[in-house]
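For reference, the structure is listed below as structure tokens.
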Amino acid sequence: MFTGDMLLADIVSTSNAVAATRSRKAKVAALAECLGAATRNELPVVTAYLSGSLLQRRTGLGWRSLTALPPPAAEASLTVSEVHEAFERMSRLSGSGSQVARAAEADALFGAATTAEQVWLRAVVTGEVRQGALDSLVQEALAVAAGVPLPAVRRAAMLAGSTVVVAGLAFDGEEALADVGLVVGRPVLPMLASSAGSVEEAMAKLGEPVVVDTKLDGIRIQAHKSGSEVRIATRTLEDITARLPEVAEIVASFPADTLVLDGEAMTVGPDGRPRPFQETASRTATRSAADAVVSPYFFDILHVDGRDLIDVALDQRLAELDRIVPERHRSPRLVTVDTEAAEQFATDVLSAGHEGVVVKGVGLPWEAGRRGSGWIKVKPVHTLDLVVIGIEWGSGRRKGWLSNIHLGARGPDGFVMIGKTFKGMTDQMLAWQTERFTELALTDPHSDWAVQVRPEQVVEIAFDGVQRSTRYPGGVALRFARVVRYRDDKTAAEADTIETVQRFLD
DNA sequence: TTCCGACAGTGGGGTCGCAAT
DNA sequence: ATTGCGACCCCACTATCGGAA
């Protein structure tokens, strides 16, 4: 009765075919063929696996626990369903001795896998399938395989909060997908923002008029209220209601029977100014209602009292938001066509201690996922001239290139490491720095993953801010560091000092 | 023919809980 | 009590494909 069940080997060979081509159309075709071969009850697992993910949120397995694997099987026999069941058992394990039990499960699973299957299994557990296709291309493949329009798949996935749960519906046809609606209590995929260097640039992209919203430095929350019941979800749709009882209580008090709100949760000091992100992160990561209280600040509304507002223009949604949510729980905003007024607002927001602004087109509906959407964030950027004190070999497409640089600020006695970065490098820069830092190497560059170098090369680094660190000796680390350019017009002796970096903390 | 939107890849720092030591 | 790992919070940037202009 198990004949016809899809083999893991089919997933693996599809994944290898997808990885072997750079053409997106060819990737989609390969994915679609595999989706088309799945039975209805296999489809959720197959959909997840083809996008390089598991259905289990946590398995307890990671890179470290998969360093030593049992000998591989000679022939492929594992079915997709068996693999899913094995991960399901692992995800349910907890308590004393669970590591041993989990290791035994992992051993049995990997021992039944061929070499190629072991490679894929390890990659999917660590989130490193790297086949050049994730959820988005799998959605395209679903549309192709089921013969339905891509926008119908995307919209259903947005409203259901997942591609996996709508995969089967795609094969029922366009009407079945269209029947997927917003359900209060079921989180929807969040709308994301692209970024721009200035308010003016953002406004130029959107046309007029715009909403200039305050960008708070906390964590994204989606609140669902149904009667007295409130659920709070994060950006990845993890339910954190139990960790934010004070937020749930506030939402419960809002004058609506059913409600879906989008916003940010953040800790605020007694002076009314926002606290550093690290404090919000600490408070929201734990269940204990400690002294630091998190407050919600909402900036959008997707549903109220039986009415979905997803397709309604932003200005009309904001009118509803203002009607339901008191001002102290909304993020401050300005609606304008005037660039100067918008820039002044952004300046005021920054002096109030906030992260920046998000510029939004007033006429746009709410649309999940799409990076190049109608929301554009603008944040100030700082720069420092630092010294490269080490570098690491890259992986994936950066294999064979020295990639991730260690950054040092000038200290009273040598250079003090304050972070690393791999961002902002072009392929040309990667080639150049591989040669340059091989010359400056203090340790054998080919004997180790990380290479120490003579602190001579100055690099201009952009970053968003400085945070307290227990990892680095100076007690500070850069947030979102990226390379602007290498500077040959400055010597290491002219680099910025650790004191300069530490002053950013105030 | 050129341009640009969308996508995937490559990793960064910090926080916690949990199980093993 | 401490430590290491896994999970998840915040994320920027470049290369590339393929459709739009």
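Letters A, B, ... mirror the listed sequences (proteins, then strands); counts begin at 1. Computed from a prediction, not measured in an experiment: that's the story for all the values here.
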Look at [X] and [N] and indicate whether a side-chain polar atom (N or O) is within less than 4.0 Å of OP1 or OP2.
X        : N      : result
A/Arg471 : B/dG13 : yes
A/Arg130 : B/dG9  : no
A/Thr421 : B/dG11 : no
A/Thr426 : C/dT14 : no
A/Ser94  : B/dC18 : no
A/Lys25  : C/dT16 : no
A/Arg57  : C/dG6  : no

Please work out if [X] contacts a base, only the sugar-phosphate, or nothing of the nucleic acid, heavy-atom cut-off 4.0 Å.
X        : value
A/Asp217 : nothing
A/Ser469 : sugar-phosphate
A/Ser195 : nothing
A/Tyr472 : sugar-phosphate
A/Ala481 : nothing

Nearest heavy atom decides the nucleotide; on that basis, is A/Ser395 or A/Ala133 closer to the 5' end of DNA chain B?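 Of the two residues, A/Ala133 wins.
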Does A/Gly396 or A/Leu93 map to a spot on DNA chain B nearer the 5' end, using the closest nucleotide for each?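 So the residue in question is A/Gly396.
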Listed nucleotide nearest any side-chain atom of A/Gln467, set B/dG13, B/dG11, C/dC9: B/dG13
Tell which nucleotide pairs with C/dC8, taking only Watson-Crick or G-U wobble pairs whose two distances are both under 3.5 angstrom. B/dG14
Do the side chains of A/Arg275 and A/Arg283 get nearer than 4.5 Å, heavy atoms only?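 SC-SC contact between A/Arg283 and A/Arg275 ruled out.
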Do A/Arg485 and A/Thr383 have side-chain N/O donor and acceptor atoms under 3.5 Å apart? no
For the residue pair A/Phe463 and A/Phe504, categorise the inter-ring angle as parallel (less than 30°), tilted (30 to 60°) or perpendicular (more than 60°). perpendicular
